[in-house]
Amino acid sequence: MKKQNEDILLQRCRALIENKLGWGSADLWHNEVYTELSEAIRQETNVLLSPTTLKRVWGRLKYQGTPSISTLNTLAQFAGYLNWRDFKQKGKLPKAKAENRKKKSHIALVLMSSAFLLILLISLFSMINLNKSNPSIADLSQIQFSSQPVTEGIPNTVIFNFDLGSVRADSISIQQSWDTQKSFGVKANQKQATGIYYYPGYFRAKLLLDGKIVKEHDLFVKSDSWMGAIDYRPIPKYVDQDGFLDEKLAFSSSIIDEIAVNETPVGSSFHKVQDFGNVSGDNITFNTSIRNAYKDKWAVCQNINILLLGTEGAFILPFSITGCVSDISLMLNDLYLNGKEHDLSAFGADFSEFRNVHLEVKDKKVLIALDGKTIFEGAYSKSIGKLVGVRYRFLGAGEVRHVSVADANGESILNDTFGDYK
């Protein structure tokens, strides 16, 4: 009975999340949606649930066990509750409503039975007239969809050019990336539309007709140099040169004070996204020296994520103090290791002082070292494509003293030193 109740609660939690996302029925979700959901949850909760875990939760993969309490806590937080216990207490229907629902269930069944025949007739009629009223299924080849950033740097307005030809649809929209909230509708007679990107990156823009993706393409939004931001949502605050320490990739005391006064956790980030040429992210050597610059209140764990961005994927190297490694996750494109289920204690260290991080990738085989000591060796399967950027995310604030990237031949691709580092 207890497990049955948990299953009912999990079903309701999934329904709340689906309603929040507005992505349609989960029965129609394809594999990419779970990757997008994973990123959406990470951005809102700072916890990374792998697409595989989410597929298990939604029943797309067979799994005999039940989700861990950490997974349930994260799902409940994303649904709008403090944790799973809070959801169990508040997420149930009030008793009166439950009793009322039972009284109405018989009436609902009668109405549903009556409506079923009408829906069936409408569906048959629609199928017969599908090609007449909506030729989009047969005529996708005539649809054109492209885009072009208007400038360098961030924020950046992107111009979307599109032509539907003779295709007709009740609703037309453009989704700027994985985040469905970054979507907007367009009119049938439009040929152009614009959207704003607040962070640099390699995105996948989508054209949707009646809620279905019909065209998509890669979109490259570059930064003109290193840029910093306080990661407020939905719009970040960019830090100009006055907010940086002289010749350092670090924020001034006034910026750190602004971060510190927040009662809820807020992160900050440094970004460099550009065309490094035909450099395979599957064969690189990366070195950096970093530290955490704020560790009070909600930033006590000193969480740091280093991201290496590719045209087809990314690496996320996570660090925190040893006592918080349960909440970090390592991602090497399609290889995902959650700190709740794997021992990532080697990624735990006090980053109050500078620590040196080394990443070596050879034919998708990975070695990660911290201060010269190997902390991880493994391999992934799916290529991340060409290297296009480096991103640092700190809970609170941090500092980068040095970063370098070399290709498979040892040729320097990126070599930036800040301050008096030698």
Side-chain angles (χ1 to χ4, degrees), residues 31-32 35-36 38-39 42 48 50-52 146-147 149 152 154 177-178 197 199-205 216-227 249 269-290 304-319 329-337 347 356-370 372 374-393 400 402-417:
N31 288 336
E32 183 183 341
T35 302
E36 297 174 352
S38 174
E39 177 63 13
R42 185 196 66 78
L48 185 59
S50 72
T52 299
S146 63
S147 59
E152 295 287 336
I154 293 294
S177 67
W178 61 267
Y197 287 77
Y199 289 106
Y202 206 86
F203 304 99
R204 191 75 173 168
E216 53 187 338
H217 65 262
D218 294 334
L219 174 60
F220 197 5
V221 179
K222 307 172 188 176
S223 60
D224 51 8
S225 183
W226 281 103
M227 60 162 286
L249 195 58
S269 53
F270 299 118
H271 313 253
K272 189 167 191 176
V273 178
Q274 63 184 53
D275 186 355
F276 292 107
N278 192 28
V279 178
S280 169
D282 303 319
N283 289 280
I284 57 171
T285 301
F286 169 83
N287 288 285
T288 192
S289 178
I290 57 175
I304 301 172
N305 282 309
I306 304 173
L307 291 82
L308 277 76
L309 310 176
T311 56
E312 299 178 29
F315 302 143
I316 302 178
L317 312 186
F319 298 95
S329 300
L330 170 68
M331 191 180 84
L332 301 171
N333 212 18
D334 59 319
L335 175 65
Y336 174 86
L337 301 178
F347 289 82
N356 296 312
V357 177
H358 172 83
L359 169 73
E360 189 174 314
V361 187
K362 291 185 178 180
D363 298 325
K364 302 175 187 173
K365 296 181 176 64
V366 178
L367 181 148
I368 303 173
L370 180 63
T374 299
I375 60 174
F376 177 85
E377 289 186 271
Y380 60 98
S381 301
K382 184 179 178 181
S383 172
I384 74 164
K386 296 191 298 182
L387 182 72
V388 294
V390 179
R391 176 173 291 143
Y392 297 87
R393 292 195 182 278
V400 180
H402 171 74
V403 55
S404 66
V405 180
D407 65 13
N409 299 317
E411 182 179 345
S412 178
I413 303 302
L414 173 66
N415 191 4
D416 290 342
T417 298

| field | side chain to side chain contact (heavy atoms under 4.5 Å, CB included) assessment of Leu317 paired with Phe376 | value | CA-CA 11 Å; Leu317 312 186; Phe376 177 85; over 6 Å; no
Once side chain to side chain contact (heavy atoms under 4.5 Å, CB included) is applied, do any residues pair with [X], and if so which ones, sequence neighbours excluded?
X      : value
Asn415 : His402, Ser404, Ser412, Thr417
Ser147 : Val158, Phe160, His217, Leu219
Glu312 : none
Ser146 : Asn161

| query | Thr288 and Val390: side chain to side chain contact (heavy atoms under 4.5 Å, CB included), yes or no, with the steps? | reply | CA-CA 11 Å; Thr288 192; Val390 179; over 6 Å; no
Which donor-acceptor pairs under 3.5 Å do side chains of residues 357-364 form with protein atoms, sequence neighbours excluded?
{"residue": "His358", "atom": "ND1", "partner": "Asn287", "partner atom": "OD1", "Å": "2.7"}
{"residue": "His358", "atom": "NE2", "partner": "Glu360", "partner atom": "OE1", "Å": "3.4"}
{"residue": "Lys364", "atom": "NZ", "partner": "Ser381", "partner atom": "O", "Å": "3.0"}

| query | side chain to side chain contact (heavy atoms under 4.5 Å, CB included) with Arg393: which of Ile304, Leu307, Ile316, Ile306? | reply | Leu307
I need the [X] [atom1] to [Y] [atom2] distance, nearest 0.5 Å.
X      : Y      : atom1 : atom2 : value
Lys386 : Tyr202 : NZ    : OH    : 6.5 Å
Trp226 : Gln274 : CH2   : CD    : 9.0 Å
Ile413 : Phe276 : CD1   : CZ    : 8.5 Å
Phe347 : Leu370 : CZ    : CG    : 9.0 Å
Ile384 : Asp334 : CD1   : CG    : 11.0 Å
Lys272 : Ser225 : NZ    : OG    : 5.0 Å

Any non-hydrogen side-chain atom of [X] less than 4.5 Å from a side-chain atom of [Y]?
X      : Y      : result
Ser329 : Pro318 : no
Val403 : Leu249 : no
Leu309 : Val273 : yes
Pro200 : Arg391 : yes
Phe286 : Leu387 : no

| query | For the side chain of Asn409 and the backbone of Glu411, is there at least one donor-acceptor N/O pair under 3.5 Å apart? | reply | no
| So, the side chain of Asn333 versus the backbone of Ser383: is there a donor-acceptor pair under 3.5 Å, distance only? | yes
| query | Do Ile290 and Phe270 pass the side chain to side chain contact (heavy atoms under 4.5 Å, CB included) test, and can you show the C-alpha distance, the side-chain angles, and the key distance before you say yes or no? | reply | CA-CA 12 Å; Ile290 57 175; Phe270 299 118; over 6 Å; no
| query | Considering residues at least two apart in sequence or located in another chain, which fulfil the ring-ring contact (aromatic ring centres under 6.0 Å, His included) criterion with Phe315? | reply | Tyr380
| request: Tell me yes or no: between the side chains of Ser269 and Tyr199, is some donor less than 3.5 Å from an acceptor? | output: no
| request: Taking all non-hydrogen atoms of both residues into account, name the closest pair between Asp218 and Arg204 and its distance. | output: OD1-NH1, 2.7 Å
